[in-house]
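As the structure lists them, so they are numbered: ligands from 1, and atoms in each ligand from 1.
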Amino acid sequence: MPKLFKKIKEIRSFLKELRRNESNLSVGFVPTMGYLHKGHMELIKLSKLQNEVTVVSIYVNPLQFGAGEDYERYPRDLERDLAMCEEAGVDVVFAPEDQEMYPELPKVKIDIPGLTDRLEGAYRPGHFNGVAIVVLKLLHIVQPDRAYFGEKDYQQLKVVERLVKDLSLPVEIVPVPTVREEDGLACSSRNVYLSPEERQSALAIYKSFLFAQRLFQSGNTDANLLKEAIKDFLLKHPHVRKIDYVEITDEELNPVEEVKEGNRILVALYVGNTRLIDNWRLSHEKL
Ligand code: AMP
């Protein structure tokens with residue numbers, strides 16, 4: 001069983017002791033909101049491969065949810081997560097309560113103009129402030145050598161990379177490609193909200209990426225044309241209710257007009273009442 005900590009002081013002194021006993025020990029860290037799935041497992045697998053010790057945090061961070069979002073109903077099952085961590089060979093799990101993480105509401109605000117206010121940030125005001133605060137706190141608690149983030153949340157990855165760069169944090173951020181179900185739907189804890197019919201419609205996102213990739217490969221490089229084609233494609237599917245955005249950007253999330261290999265399609269939409277996000281790297285490679 002992984003060693004479970006709920007208190008900051010206790011995990012800190014445990015990790016300090018570990019490092020004292022073995023000075024060159026590298027620590028890999030995988031921050032999550034729990035209800036673990038294959039995507040999280042890939043991050044854990046890579047951390048296990050690259051580090052002597054792997055720490056996983058499980059914490060549904062209230063600060064990154066807006067009013068009317070799914071904070072209360074977000075799936076939680078610590079027993080199940082612990083069993084999956086054990087199976088994966090995780091050494092340490094940090095699962096704090098709200099009172100431990102936020103005895104008071106943080107007053108610090110983190111804002112990266114041009115990054116935290118766009119795309120997800122435009123539709124979920126304050127979301128990336130919450131993400132940045134919790135990630136910074138967790139990095140300061142665990143002090144890992146490497147931290148693992150999924151490309152599934154591509155903008156989040158870019159926010160974290162920028163924090164590390166601007167604040168000279170002593171950690172290497174390791175991006176992990178998106179893990180998908182067999183049929184192409186990106187693994188997400190939120191997929192449990194989908195009814196079987198909605199689950200089928202949610203596949204439209206992946207299919208729209210393949211569709212756009214085919215258009216790109218046959219010479220369509222006009223970003224507006226591709227975005228409109230993707231939107232039309234998505235809206236043909238039942239239960240696809242509202243598209244927050246379909247955007248095409250370069251690797252650093254700047255919008256592009258002329259699409260090139262390596263650009264990203266980013267999508268946020270509602271299937272029924274469930275808001276899903278996904279993204280795709282456009283390439284010339286045949287699928
Ligand atoms: P979450 O528990 O949803 O906050 O995710 C925790 C970490 O796992 C984040 O770095 C996510 O980007 C990553 N993650 C979530 N889903 C996937 C996926 N399907 N593939 C790869 N990484 C993922």
Would Cys187 count as being in polar contact with ligand 1, using the rule that some N or O on each side must be under 3.5 angstrom apart? yes
Should the proximity of Ser189 to ligand 1, defined as any heavy atom under 4.0 Å, be assigned to the side chain, the backbone, both, or neither? neither
Test: Lys158 and Asp153 ion pair at under 4.0 Å: no
Heavy-atom contact check, 4.0 Å cutoff: does His40 meet ligand 1? yes
May I ask you to identify, for Ser188, whether its side chain, its backbone, both or neither come under 4.0 Å of ligand 1 on a heavy-atom basis? neither
Do Arg146 and Phe29 meet the cation-pi criteria used here (NZ or CZ under 6.0 Å from the six-membered ring centre, within 45° of the axis)? no
Is any N or O atom of Val179, backbone or side chain, closer than 3.5 Å to an N or O atom of ligand 1? yes
Using heavy atoms and a 4.0 Å limit, tell me yes or no: is His37 in contact with ligand 1? yes
Sidechain-backbone polar pair: Arg281 side chain, Arg264 backbone, donor-acceptor under 3.5 Å: no
Test of understanding: given a 4.0 Å heavy-atom threshold, classify the contact between Leu43 and ligand 1 as side chain, backbone, both, or neither. side chain
Atom 3 (O) of ligand 1: of Tyr74, Tyr59, Tyr35, the nearest heavy atom sits on Tyr74
For residues His284 and Phe216, establish whether the separation of their ring centroids is below 6.0 Å. yes
Same cluster for Leu215 and Phe233 if Ile/Leu/Val/Met/Phe/Trp/Tyr side chains link at under 4.5 Å? yes
Kindly indicate whether a cation-pi arrangement holds for Arg80 with Tyr35, taking the cut-offs as under 6.0 Å to the six-membered ring centre and within 45° of the axis. yes
